[in-house]
Amino acid sequence: MAVSRADVKKSYRTQIVLLGPPGAGKGTQAKSLSEELELAHISTGDILRQAIRQNTDLGKEAKSFVESGALVPDSLVTRMVTRRLLADDVKNGFILDGFPRNVAQAGELDEFLGKEGRSDYSVIYLDTSEKIIVQRLGGRRICRNCQAVYHLTNRPPKKDMSCDNCQGQLYQRPDDKEDTIKNRLEVYGKETQPVEEYYSRNKRLFAVNADKDSGIVLGEMLDFLRQR
Ligand code: ADP
Ligand code: AMP
């Protein structure tokens with residue numbers, strides 16, 4: 001009997017946390033997965049950058065942390081994420097990209113989803129070497145208008161520094177400059193690596209070699225989700 005696309009979708013776990021260092025490809029993979037599986041893509045970095053651009057209260061509070069590569073205080077980020085998780089478009093499921101970033105946030109997420117009766121989620125860890133991370137972050141460019149992610153050599157836009165989707169201008173994130181990259185990798189090692197251990201302990205973690213081509217990484221994630 002033929003298996004319909006809807007059946008395949010039903011067989012996926014639809015709540016996904018994407019973990020990995022800056023530059024591992026979380027945003028890139030989250031976008032593909034969200035299109036493939038019709039899930040909400042929740043990127044805490046994108047939400048914070050938008051708040052900074054719009055100079056909202058959240059943006060004013062978060063600005064100096066984001067610009068220096070430090071973590072924004074847990075209370076602000078957790079409130080922002082739990083609110084977002086209650087929105088209508090998240091009912092079908094979500095992909096969290098950039099959250100949780102420390103063990104306290106992981107605990108908050110578990111508590112929130114537990115209370116909502118939605119505790120079952122998958123954690124995919126994008127395992128990447130430091131050399132690749134530095135190359136990816138250094139060449140990353142973002143569309144000012146729609147936030148699409150490009151890379152100067154790995155995924156260049158078709159036309160000079162303008163977005164293929166909306167012709168918006170591409171820019172380099174200020175925190176992708178060399179000094180801030182170093183700081184962000186230190187913050188990752190200190191704060192976020194323990195989250196990998198947190199999820200390994202409770203056997204949720206599935207690791208993918210994310211040094212590979214993005215199509216291969218996506219295929220491995222879909223195979224894993226299908227088999228769960
Ligand atoms: P993250 O969200 O984890 O910080 P991104 O998805 O923004 O990472 O990816 C970082 C950079 O690396 C981007 O410029 C993106 O185009 C590029 N990139 C992402 N995945 C791959 C891959 N598998 N191979 C090559 N380049 C990639
Ligand atoms: P990202 O786009 O995921 O690389 O995040 C960019 C920046 O936003 C980080 O360097 C932090 O300053 C901030 N940020 C994103 N997510 C979180 C989070 N879960 N907790 C604290 N700060 C965050």
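Atoms within each ligand, like the ligands themselves, are counted from 1 in listed order.
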Out of [options], whose heavy atom sits nearest [atom]?
atom	options	value
atom 2 (O) of ligand 1	G25, P22, G27	G27
atom 26 (N) of ligand 1	L126, N154, L218, D176	N154
atom 8 (O) of ligand 2	L48, I47, L96	L48

Fill in the blank from the handout: Here the atoms of ligand 2 under 4.0 Å from any heavy atom belonging to R173 are 1 (P), 2 (O), 4 (O), 6 (C)
Exercise for the section: Pull out every atom of ligand 2 sitting under 4.0 Å from any heavy atom of Q105, numbered as shown with elements. Expected result: 18 (C), 19 (N), 20 (N), 21 (C)
Practice task
Decide whether the shortest distance between a heavy atom of A70 and an atom of ligand 2 is less than 4.0 Å.
Solution key: yes
Handout entry: Proximity flag G45 to ligand 1, non-hydrogen atoms under 4.0 Å
Key = no
Handout entry: Heteroatom distance test (T44, ligand 2): nitrogen or oxygen, under 3.5 angstrom
Key = yes
Exercise for the section: Could you tell me whether some N/O pair between G45 and ligand 2 is separated by less than 3.5 angstrom? Expected result: no
Exercise for the section: Answer with side chain, backbone, both or neither: which part of Q29 has a heavy atom less than 4.0 angstrom from an atom of ligand 1? Expected result: neither
Handout entry: Which of the ligand 1 atoms, numbered from 1, are nearer than 4.0 Å to a heavy atom of D213
Key = 23 (N)
Completion exercise
Scanning both residues in full, the closest heavy-atom pair of R136 with D211 reads NH2-O, 3.5 Å
